[in-house]
Structure formats: structure tokens, C-alpha cells
Amino acid sequence: MTLAAQMANDWQFIDGVEDVSLTPRNPAGAAVTGVKALRRVQQADEFALVGKTLGLEPNDMAWHLWASTLAGTTPKNGDTITDSGGIVWTIKSVANTTLGTRWRTLCRRQATA
């Protein structure tokens with residue numbers, strides 16, 4: 001078994017993982033529910049390096065999504081994540097990380113009415 005295969009479901013061993021939904025920006029795409037995700041606050045040095053380039057704000061959030069729970073869907077800029085509390089986040093940037101087992105997204109919280 002490869003290291004990537006061993007890491008594919010390591011969300012089971014990490015505190016703070018929550019179930020979220022990923023909704024494609026394309027309205028024809030169906031939402032993927034039960035996605036395992038971990039939210040992380042942006043690091044100050046990361047924000048200083050790429051924040052202005054990507055148009056990020058200090059309160060934007062990094063979400064790590066486990067590829068094994070995405071039902072073959074690839075997150076894209078403009079897709080949304082709905083967290084376990086019903087708050088919706090718009091994906092601004094996506095990167096494949098951790099030997100291809102996770103997607104790291106930088107997201108902005110949508111305004112509530």
C-alpha cells in the first residue's frame with residue numbers, strides 16, 4: 001500500500017474534521033454531501049505573501065477537503081462549501097496537496113441576509 005493510499009482517509013484520526021457540502025458553481029452540477037473537511041485560519045506569513053495577489057482578505061478561511069470523500073468531484077474556483085453550521089463559503093483558490101489526497105481551498109464567507 002502506498003503512502004498516499006494510507007493517507008486517503010486519515011481524516012478519521014484528526015480532531016476538528018466536519019462534514020460539509022461542496023456545490024459546483026455550474027448550476028447543473030449536483031452538490032456533494034458528506035465531504036470531510038478541516039478549516040484552518042490563514043497564516044499571517046502566507047497572507048502577506050499571496051493575499052494581495054489572490055485578492056484575499058484577513059478573515060478568509062482555508063479548507064482542506066479529503067479527495068476520497070468528494071465522489072470524484074474536483075473543487076474549482078467559484079464553487080461553494082457549506083459548513084456544518086450552514087455558513088456558505090466561496091472558493092477563491094484551489095490546490096491539490098498531501099500526495100493528492102486533499103484539496104486545499106482558500107475561501108471567503110458569503111454575506112448573510
Side-chain angles (χ1 to χ4, degrees):
M1 179 179 285
T2 66
L3 181 58
Q6 291 174 343
M7 296 174 71
N9 293 312
D10 66 349
W11 54 265
Q12 300 172 61
F13 309 107
I14 299 174
D15 290 337
V17 172
E18 62 186 278
D19 285 349
V20 302
S21 295
L22 175 71
T23 304
R25 174 178 52 181
N26 175 351
V32 180
T33 60
V35 176
K36 301 302 181 191
L38 184 65
R39 67 174 86 201
R40 290 288 181 237
V41 175
Q42 292 181 77
Q43 300 297 319
D45 57 343
E46 173 187 45
F47 182 74
L49 270 173
V50 298
K52 292 187 193 264
T53 304
L54 295 177
L56 299 177
E57 296 177 359
N59 292 328
D60 290 346
M61 186 74 60
W63 284 90
H64 295 261
L65 309 175
W66 271 261
S68 63
T69 65
L70 282 168
T73 302
T74 299
K76 296 177 179 57
N77 292 352
D79 291 353
T80 59
I81 295 170
T82 304
D83 69 22
S84 59
I87 297 170
V88 179
W89 302 81
T90 301
I91 297 175
K92 306 299 263 176
S93 173
V94 180
N96 193 256
T97 63
T98 319
L99 299 175
T101 64
R102 294 185 206 160
W103 291 97
R104 185 176 187 279
T105 65
L106 291 174
C107 303
R108 176 158 305 138
R109 182 178 175 160
Q110 289 186 355
T112 55

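The shortest heavy-atom contact between T97 and R104 is CG2-CB, 4.0 Å. Of all non-hydrogen atoms in I91 and C107, the two that sit nearest each other are CG1-SG, 3.7 Å.
Applying the side-chain hydrogen bond (donor to acceptor under 3.5 Å, both in side chains) rule to T90 yields the partners Q110; only residues at least two apart in sequence or on another chain are considered.
Between the CG atom in L65 and the OG1 atom in T74 there is a gap of 11.0 Å [rounded to 0.5 Å].
Residues I87 and W89 have side chains in contact (heavy-atom distance under 4.5 Å, counting atoms from C-beta outward). Proximity of P75 to L70: side-chain heavy atoms (C-beta onward) are separated by under 4.5 Å at one or more points. W63 places none of its side-chain heavy atoms less than 4.5 Å from the side chain of L106. The closest side-chain heavy-atom distance from R40 to H64 is below 4.5 Å. Taking the side chain as every heavy atom from C-beta outward, T105 and I81 approach each other to under 4.5 Å. Within the 4.5 Å cutoff, side-chain heavy atoms of N77 are placed close to those of V94.
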Sequence neighbours left out, cut at 3.5 Å: what donor-acceptor pairs do the side chains of residues 14-24 make with other protein atoms?
from: E18; atom 1: OE1; to: R39; atom 2: NH2; distance (Å): 3.3
from: E18; atom 1: OE1; to: S84; atom 2: N; distance (Å): 3.0
from: E18; atom 1: OE1; to: S84; atom 2: OG; distance (Å): 2.7
from: E18; atom 1: OE2; to: R39; atom 2: NE; distance (Å): 3.0
from: E18; atom 1: OE2; to: R39; atom 2: NH2; distance (Å): 3.1
from: D19; atom 1: OD1; to: K36; atom 2: NZ; distance (Å): 2.5
from: D19; atom 1: OD2; to: K36; atom 2: NZ; distance (Å): 3.4

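In terms of modelled atom types and a separation under 3.5 Å, the side chain of N96 and the main chain of W103 share no donor-acceptor contact. Judged by distance alone, with hydrogens and angles left aside, the side-chain atoms of T2 form a donor-acceptor pair with the main-chain N or O of A5 at under 3.5 Å.
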Is there a salt bridge (charged side-chain N to carboxylate O under 4.0 Å, His left out) between R108 and D60 once you walk through the steps?
-> CA-CA 5 Å; R108 176 158 305 138; D60 290 346; 2.9 Å; yes
